Amino acid sequence: MSFFSRYLPFVAAMALVVVTSNILVQFPLQGAIGGLSLADILTWGAFTYPFSFLVTDLANRRYGPAVARRIVFVGFTAAVICSVVIPPLLFRYGLIEFETAADRLVRIAAASGTAFLIAQLLDVTVFNWLRRQSWWRAPIVGTLVGSVFDTAMFFTVAFSAAFAFAGPNDGFALETAPLMGVLPVETMRWVSWALGDLGVKLIIAVVALIPYRLLAARWSQPALAA
């Protein structure tokens, strides 16, 4: 039996989360809280992407770190392909109002793929270190560590001027604006985007403990070596 057929639910779930997130990240969240415009700091993708950590943790709990890492590589492949292919398709069919230059897409793909791969592998490692402890500790700590690294890596590589060698800069992202849109501190827009994205990831990391507990409780929990 092949890897894909044996672990199809996890492979399919990871691919679905990554593809959905790469589509939804093109759509800002509309609305406002007080003077804060949510579109300035969040996209809908921020609400779906964190569930990739749930898929990884469940695979790790069920089959161990070796299988979890292989599923991560499936997500990595999907992340890179989607980052290059999906935005032009959305523009072509009028679903987004802007077209991203090819070299800019390459930079976004590099940022997305690198951040995803390293963050998810960190999650697998941390989870495996803590798997014998309280049921909630491994998934929450692994997800938090992975989320912080993923956000820092993606937004820095994708938008920071220091990575201009990887592709053209996004002028709008590098403009200064009030932090989080409302605070009396001026910073580059991408920093606010990163903080908003991380905030959602941390909230969903806690919420995701519910399905994790329900599903993991149905499985045996052997201590599997890396």
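Because only heavy atoms are used, hydrogens play no part in the values below, and waters and symmetry mates are left out as well, while side chains stay in. As the structure is a computational prediction, the values presented were derived from the model and not from experiment.
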Heavy-atom closest pair, residues Val17 and Thr48: CG1-O, 3.4 Å

Among residues at least two apart in sequence or on other chains, which ones pass side chain to side chain donor-acceptor pair (under 3.5 Å) with Asn169? Arg107

Contact between Ser192 and Thr187 at the side-chain level, heavy atoms closer than 4.5 Å - yes or no? yes

With clusters defined by side-chain heavy atoms of hydrophobic residues (ILVMFWY) lying less than 4.5 Å apart, directly or transitively, does Phe27 cluster with Val19? yes

Which of parallel (below 30°), tilted (30 to 60°) and perpendicular (above 60°) describes Trp44 and Phe47? tilted

Assigning hydrophobic clusters by single linkage (Ile, Leu, Val, Met, Phe, Trp, Tyr; side-chain heavy-atom cutoff under 4.5 Å), is Ile86 placed with Val106? no

With a 4.5 Å limit on heavy-atom distance, are the side chains of Pro139 and Phe127 in contact? yes

Between the CG atom in Leu198 and the CD1 atom in Ile41, the distance rounded to the nearest 0.5 Å is 12.0 Å

Does Thr56 form a side-chain contact (heavy atoms from CB on, under 4.5 Å) with Ile71? I'd like the steps, not just the answer. CA-CA 7 Å; Thr56 301; Ile71 291 171; 5.7 Å; no

Specify the closest pair of heavy atoms between Ala161 and Leu174, including all atoms of both residues, with the distance to one decimal. N-CD2, 3.9 Å

Any chance you could measure Phe159, atom CZ, to Met188, atom CE, to the nearest 0.5 Å? 12.0 Å

Compare every heavy atom of Ile204 with every heavy atom of Ala46, then report the nearest pair and how far apart it is. O-CD1, 3.9 Å

Taking all non-hydrogen atoms of both residues into account, name the closest pair between Leu105 and Pro88 and its distance. CD1-CG, 3.7 Å

Find the distance between CZ (Arg137) and CG (Leu130) and round it off to the nearest 0.5 Å. 7.5 Å

Under a 4.5 Å side-chain heavy-atom rule over Ile, Leu, Val, Met, Phe, Trp and Tyr, are Phe91 and Val84 clustered together? no

Go through it in stages, so that I can follow the logic: the residues are Val191 and Leu179, the test is side-chain contact (heavy atoms from CB on, under 4.5 Å), and I'd like the CA-CA distance, side-chain angles, deciding distance and then a yes or no. CA-CA 8 Å; Val191 175; Leu179 182 63; 4.3 Å; yes

With heavy-atom distances below 4.5 Å as the criterion, would you say the side chains of Leu183 and Pro178 are in contact? no

Answer yes or no: is there a donor N or O on one side and an acceptor on the other, between the side chain of Arg131 and the main chain of Asn60, under 3.5 Å? yes

Candidate pair Asp123 and Thr143, rule side-chain contact (heavy atoms from CB on, under 4.5 Å), full reasoning: CA-CA 6 Å; Asp123 178 36; Thr143 298; 4.2 Å; yes

For Gly45 versus Pro50, what's the shortest heavy-atom pair and its separation? O-CD, 4.4 Å

Verify, without hydrogens or angle tests, whether Ser112 (side chain) and Ile108 (backbone) share a donor-acceptor contact under 3.5 angstrom. no

Report the distance from atom OG of Ser21 to atom CG of Leu16, rounding to the nearest 0.5 Å. 8.5 Å

Examine distances only and state if a side-chain atom of Ser134 and a backbone atom of Trp136 form a donor-acceptor pair shorter than 3.5 Å. no

Before you tell me yes or no, could you show the steps for Phe10 and Arg62 under side-chain contact (heavy atoms from CB on, under 4.5 Å), namely the whole-Å CA-CA distance, both residues' side-chain angles and the distance that decides it to 0.1 Å? CA-CA 10 Å; Phe10 293 99; Arg62 185 72 174 95; 4.3 Å; yes

In terms of relative ring orientation, are Tyr212 and Trp135 parallel, tilted or perpendicular, with 30° and 60° separating the classes? parallel

Heavy-atom pair of closest approach, residues Val126 and Val145: CG2-CG1, 4.3 Å

Salt bridge (charged side-chain N to carboxylate O under 4.0 Å, His left out) for Asp57 and Arg61? Distances and angles first, verdict last. CA-CA 6 Å; Asp57 291 344; Arg61 174 62 71 188; over 6 Å; no

d(Phe154 CZ, Trp190 CH2) to nearest 0.5 Å is 11.0 Å

Could you see if Val25 belongs to whatever hydrophobic cluster contains Leu38? Use Ile, Leu, Val, Met, Phe, Trp, Tyr and a side-chain cutoff under 4.5 Å. no

Point-to-point distance, once rounded to the nearest 0.5 Å, from CG of Leu215 to CG of Leu58: 5.5 Å

State, with a plain yes or no, whether a side-chain heavy atom of Leu214 is found less than 4.5 Å away from one of Ile210. yes

Between Phe165 and Phe163, is the ring centroid distance below 6.0 Å? yes

Distance-only polar pair, side chains of Tyr49 and Asp150, donor-acceptor under 3.5 Å: yes

Side chains of Val72 and Leu117, heavy atoms from C-beta outward: is any pair under 4.5 Å? yes

Tell me whether Val207 is reachable from Phe51 by hopping between hydrophobic residues (I, L, V, M, F, W, Y) whose side-chain heavy atoms are closer than 4.5 Å. no

